[in-house]
Amino acid sequence: MARRPDPSLYKAIEEADRRWDRGNPSWFELLADDAVVYAINQSQPFVGRSAYQEHFRPLLTGAKRKTTALHRSIQVLEDSAVVAQTIQVVQTGVIANIRHSVIWSRAEDSPLGWQIRHLHSALIGSPSAVKMPSTAGAIRVLNERIATIAAVVGVAQ
């Protein structure tokens, strides 16, 4: 039977968002050791925090970003919660919209009391410029930024 989310879950999600936006390496600590992460442009999931962190750490900790939750719904069952959300990520002048399915589980050994057990990210549409480029050189730079952010938004919370 579904029930209202514990306030500690909201705090964990807010802290995850803060760490993600700052490019803080401690974001990875929110993942369970055996977390399964489906990232954008990956045909197979990353199984385990260390596999995911090894692949994405340089991209995720290399820059700050601004994330806005456009929609978020939470369903709690027992000691787990399913968070379905649509977020907008702005990084280095590029906007990307992402759909996430995140399964959080209670974890007594986690500082926040919760950890991410499963994360699935899907890109909605194509990344675009915050401001439309006005010169050919700016378009080239924009393409480079989109390629960079496309890899970065394959996660996130």
Side-chain angles (χ1 to χ4, degrees), residues 5-42 45-74 76 80-131 133 138 141-157:
D6 184 302
S8 66
L9 175 61
Y10 288 112
K11 289 180 183 175
I13 292 169
E14 288 170 10
E15 180 60 24
D17 290 347
R18 248 189 311 281
R19 292 180 188 188
W20 166 256
D21 279 352
R22 292 179 183 152
N24 189 330
S26 69
W27 182 86
F28 293 103
E29 296 169 9
L30 302 176
L31 295 170
D33 289 340
D34 60 348
V36 175
V37 180
Y38 288 85
I40 296 171
N41 293 329
Q42 300 293 319
F46 292 92
V47 179
R49 176 190 331 145
S50 59
Y52 178 72
Q53 185 173 354
E54 181 180 324
H55 189 269
F56 278 105
R57 184 181 180 104
L59 294 170
L60 295 180
T61 61
K64 293 183 180 182
R65 59 200 61 84
K66 173 67 178 139
T67 304
T68 304
L70 303 175
H71 172 77
R72 181 177 281 157
S73 66
I74 301 173
V76 177
S80 295
V82 178
V83 179
Q85 61 186 11
T86 301
I87 63 171
Q88 184 174 78
V89 179
V90 178
Q91 181 176 329
T92 60
V94 177
I95 298 172
N97 294 308
I98 302 160
R99 184 70 180 160
H100 277 153
S101 298
V102 187
I103 298 176
W104 288 83
S105 293
R106 284 197 185 276
E108 298 302 324
D109 58 342
S110 170
L112 300 177
W114 293 86
Q115 62 184 190
I116 297 169
R117 305 224 21 106
H118 181 96
L119 173 62
H120 189 131
S121 302
L123 190 60
I124 300 172
S126 298
S128 61
V130 171
K131 187 171 93 175
V141 170
L142 175 63
N143 283 337
E144 291 170 3
R145 287 184 178 169
I146 287 175
T148 301
I149 198 166
V152 170
V153 297
V155 297
Q157 177 35 300

Report summary line: Separation between OG1 (T68) and CG (D21), nearest 0.5 Å, reads 8.0 Å

**Report entry** Verdict with reasoning, H100 to V83, per side-chain contact (heavy atoms from CB on, under 4.5 Å)
**Finding:** CA-CA 8 Å; H100 277 153; V83 179; over 6 Å; no

**Report entry** Interatomic spacing from NZ in K66 to CZ in R22 - rounded to 0.5 Å
**Finding:** 11.0 Å

Query - Heavy-atom closest pair, residues P127 and L123 - result: CD-CD2, 3.8 Å

Query - CA sep, side-chain torsions, deciding dist, call: W114, I13, side-chain contact (heavy atoms from CB on, under 4.5 Å) - result: CA-CA 9 Å; W114 293 86; I13 292 169; over 6 Å; no

Query raised in the report: Looking at Y38 and H118, what are the two nearest heavy atoms and their distance?
Result: CE1-CE1, 3.5 Å

Query - Neighbour count >12 (heavy atoms, 6.0 Å) for atom CD, E54 - result: no

Report task. Give the minimum heavy-atom separation between L31 and Q115, together with the two atoms involved. Result -> O-NE2, 4.4 Å

Query raised in the report: According to the interplanar angle, ranging from 0 to 90°, do the rings of F56 and F46 count as parallel (below 30°), tilted (30 to 60°) or perpendicular (above 60°)?
Result: perpendicular

Report task. For R99 and H71, run side-chain contact (heavy atoms from CB on, under 4.5 Å): C-alpha distance rounded to whole Å, both residues' side-chain angles, the deciding distance at 0.1 Å, then the answer. Result -> CA-CA 9 Å; R99 184 70 180 160; H71 172 77; 3.9 Å; yes

Report summary line: Heavy-atom closest pair (I98 atom, V89 atom, distance to 0.1 Å) is CD1-CG2, 3.8 Å

Query - Rounded distance [0.5 Å steps], CD1 in I103 versus CD1 in I116 - result: 11.0 Å

**Report entry** side chain to side chain contact (heavy atoms under 4.5 Å, CB included) partner of W104, the single match among V76, V82, I74, L9
**Finding:** L9

Query raised in the report: Do side-chain atoms of R65 reach the backbone of Q91 as a donor and acceptor pair under 3.5 angstrom?
Result: no

Query - Separation of I124 CD1 from T86 OG1 (nearest 0.5 Å) - result: 4.5 Å

Report task. Evaluate the side-chain proximity of R106 to S8: yes if any heavy-atom separation is below 4.5 Å, no if none is. Result -> yes

Query raised in the report: Do the side chains of L60 and W20 get nearer than 4.5 Å, heavy atoms only?
Result: yes

**Report entry** From CD1 (I87) to CG (D17), nearest 0.5 Å
**Finding:** 7.5 Å

Report task. Not counting sequence neighbours, which residues clear salt bridge (charged side-chain N to carboxylate O under 4.0 Å, His left out) with R18? List them please. Result -> E15

Report summary line: d(E29 CD, R19 CZ) to nearest 0.5 Å is 6.0 Å

Requested in this report: Mind listing the closest non-hydrogen atom pair of P45 and V36 along with its distance?
Outcome: CB-CG1, 3.7 Å

